[in-house]
Number of protein chains: 2
Amino acid sequence: MTMQEQVKINIIRGIRRLLMDHHRMSKAEIAEALSISFPTASKFIEELVNRGEVLSLGLTPSAGGRRARSYAYNPDFAHALLVYLEKKETKYVITNAYKEKILEDTAKSFLEHDPSILAEFFKTKLAENPSIKTIAIGIPGAVNGDVISYIPDYSLYANQNIKAISNLTVDLTIENDMNAAVLGYQKRNGLSHEASVVYIYMGANGPGAGILINGELVKGHTMFSGEISFIPLNDDSRVITKSDFDKDDEKSISLVSKLIQTISALINPSHIVFHQAEASEEFLHKAAENVKRYFPSDHMPALYISDWDKDYKEGLWQLAKLNLICLDMNS
Amino acid sequence: MTMQEQVKINIIRGIRRLLMDHHRMSKAEIAEALSISFPTASKFIEELVNRGEVLSLGLTPSAGGRRARSYAYNPDFAHALLVYLEKKETKYVITNAYKEKILEDTAKSFLEHDPSILAEFFKTKLAENPSIKTIAIGIPGAVNGDVISYIPDYSLYANQNIKAISNLTVDLTIENDMNAAVLGYQKRNGLSHEASVVYIYMGANGPGAGILINGELVKGHTMFSGEISFIPLNDDSRVITKSDFDKDDEKSISLVSKLIQTISALINPSHIVFHQAEASEEFLHKAAENVKRYFPSDHMPALYISDWDKDYKEGLWQLAKLNLICLDMNS
DNA sequence: TATACTTATTAAACTAGTTTAATAAGTGTG
DNA sequence: CACACTTATTAAACTAGTTTAATAAGTATA
């Protein structure tokens, strides 16, 4: 691709990103935010307006002179289908480009059936709603590129490329649920673009962690990062399990303390996040006190409790939004 | 900065990077590698030749038609001063832009004196060799931006900004020695741009690790990453020390095994590297066997032994080279 | 309500990378 | 050694973002 084509694509993506996040902006504001000249911004915005992707709205309140026209992304130009694959059922949401719910429903669980059934589901939903321009899927398994490289218990999905199987006309992104959650946490809490966060979740599919370092997901060279159950913290070298977190006794606190200390000593993140249902403020407080007996308190991460469901959903939406921003203009 | 200025800077930096790495290239090869058109590449190369930064060399062997002229970076246009601050002495090297040694020498140790003494040293060297266009310093302490945020034993250097103190006309980069080493390892072994490597060193200044994830240094939010001595692997929660590595007994092997397992479970790097003098092939083999009893062998990192000194030097050179590539053209 | 002032938009001249055509400089072959 | 063929370089036309000037559309005030 030539340099000038890249420039063009970057400008269009920049406009989409700004308008999806801010909802209303003037041409001058967009030009300023993207560090491009007004005439160039104007040209592309007009193009997007002609295409129906951007809406030309009313005038802004005056700032002392001629009032500027404001523009917004057309929320119905691109819808997103967000799919949460789970053991018992499949939750899915269709949103517009502002993340507003168009439809929310539940389908049967797909994980124990052939992936082609899931592909059929996508085709049905796309037929019902032709505005859908992207699909984002969260899955309790490791994802390498487009391939599900490891998924315990659901052998039919192992080593499958859902994108290839589905053979869709729209973009499709698939991501591990914990990775999505840590991205969602970053966004929901307004953390910087270079944040480092470890998100610990003792979910039904076994304990694990989503890890963000320098603002990027850490997947590991064999997609095995965050498998904290394999950290040899127990005296007898057995793996950590959910039950180690449940109890509010000395042993549980000691174990979680060691986990916090290990993570802090190795990657020193700014935040370690725990699932609402799995840790109380008091439990974390005790653990933090415990860690500080061995670990310099200056370098302690902030320990937070968060709503995993909301973080997961936000994360999947962020992935879908990224796809919408990167939409190919010829489709 | 306007978009077109950025384009210009990127092209010039791209040409520098290519010529510093490849030593001889034709205009067509440069244009191809940078994804720019031939005329544009030609224009900038001419500009650099006129400035004396690039040398116009002879013709390449024919490929069946008119022979292309080849170009090379002028190795003497920019020299680099690499400084290794250590407890007992200060090693320093002056190289040309091809990393070829111009001068190698040792100065007294600066760490126990006021940093202004080091600043004087820089001024002297710059006066002796006006071709020096950048200085890169390695230091056994944590560096946050330009500030030495934590350095044990050398209180005069704590919280100092060497760049600001020195007040030089050339660029100056300062980096932690272990971080430099892991960068050097990545380069020396031709690892990908997105490599994940943990480099373990039980150095004189205490044990620690340089960590590279997705090709980026992991510094931690308080510059405390890689402080593996704080990982609670010993039964009695005391920190790991150098002596834990020295012995080839059961206990040492068990400890290093746990360390490998911890790192693998958490960040799953492709490589864990150990210092030559601190681990034998046999020791690592035993440790690896030990880890595989508890940890899936598919996800084991490759365990390597490397020459820390060479890695450190290469890493510091890479940092210096980056500065040369990013040189401001008005200086 | 005319006039000065402020801000937004459009138009025209300018700058810089790309494309295409023309020219230069070589190789190989009948 | 003329001719076809290949590759490199230069020149000219083209395309696209920036800058600057001109115009439009408003506000404030005497």
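- Residues A/S62 and A/V7 each lie close to DNA chain D; by heavy-atom proximity, the contact nearer the 5' end of the strand is made by A/V7.
- Rounded to an integer number of Å, the gap from A/I36 CD1 to C/dA16 C1' is 17 Å.
- Side-chain N or O atoms of A/N214 include one that pairs as donor or acceptor with a backbone N or O of B/L217 at under 3.5 Å.
- Rounded to whole Å, the distance from CD on B/E32 to C1' on C/dT19 is 16 Å.
- Side chains of A/T134 and A/N323: a donor-acceptor N/O pair is present below 3.5 angstrom, by distance only.
- In this structure, CD of A/Q6 is placed 14 Å from P of C/dG17, rounded to the nearest angstrom.
- Applying the salt bridge (charged side-chain N to carboxylate O under 4.0 Å, His left out) rule to A/D76 yields no partners; only residues at least two apart in sequence or on another chain are considered.
- Using a distance-only test at 3.5 Å, with no hydrogens or angles considered, no donor-acceptor pair links the side chain of A/S42 to the main chain of A/F38.
- For C/dA16, the OP1/OP2 oxygens have no side-chain nitrogen or oxygen of B/K8 closer than 4.0 Å.
- By the 6.0 Å contact criterion, NZ on A/K8 is open, its count of non-hydrogen atoms from other residues, nucleotides or ligands being 12 or less.
- For the pair A/K43 NZ and D/dT18 C1', the interatomic distance rounds to 12 Å; values are reported in whole Å.
- Of the side-chain N and O atoms in A/S37, one or more sit less than 4.0 angstrom from OP1 or OP2 of D/dT18.
- The number of heavy atoms from other shown groups lying within 6.0 Å of NZ (A/K310) does not exceed 12.
- In this structure, CE of A/M1 is placed 18 Å from C1' of C/dT19, rounded to the nearest angstrom.
- In this structure, B/N10 atom CG and C/dA16 atom P are separated by 16 Å, rounded to whole Å.
- Under 4.0 angstrom from either OP1 or OP2 of D/dT18 there lies at least one side-chain N or O belonging to A/T40.
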Side-chain donor/acceptor pairs under 3.5 Å, residues 44-54 of chain B, sequence neighbours excluded:
residue : atom : partner : partner atom : Å
B/E46   : OE2  : B/K27   : NZ           : 2.6
B/N50   : ND2  : B/E46   : O            : 3.3
B/R51   : NH1  : B/E53   : OE1          : 3.1
B/E53   : OE1  : B/R16   : NH2          : 3.4
B/E53   : OE2  : B/R16   : NE           : 2.5
B/E53   : OE2  : B/R16   : NH2          : 3.2
B/E53   : OE2  : B/Y73   : OH           : 2.7

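- When the P atom of D/dT18 is taken as reference, atom CD of B/E5 falls 10 Å away, rounded to whole Å.
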Atom pairs, N/O to N/O, protein against nucleotides 5-10 of chain C, distance under 3.5 Å?
residue : atom : partner : partner atom : Å
C/dT7   : O2   : A/R66   : N            : 3.2
C/dA8   : N3   : A/R66   : NH1          : 3.4
C/dT9   : OP1  : A/R69   : N            : 3.1

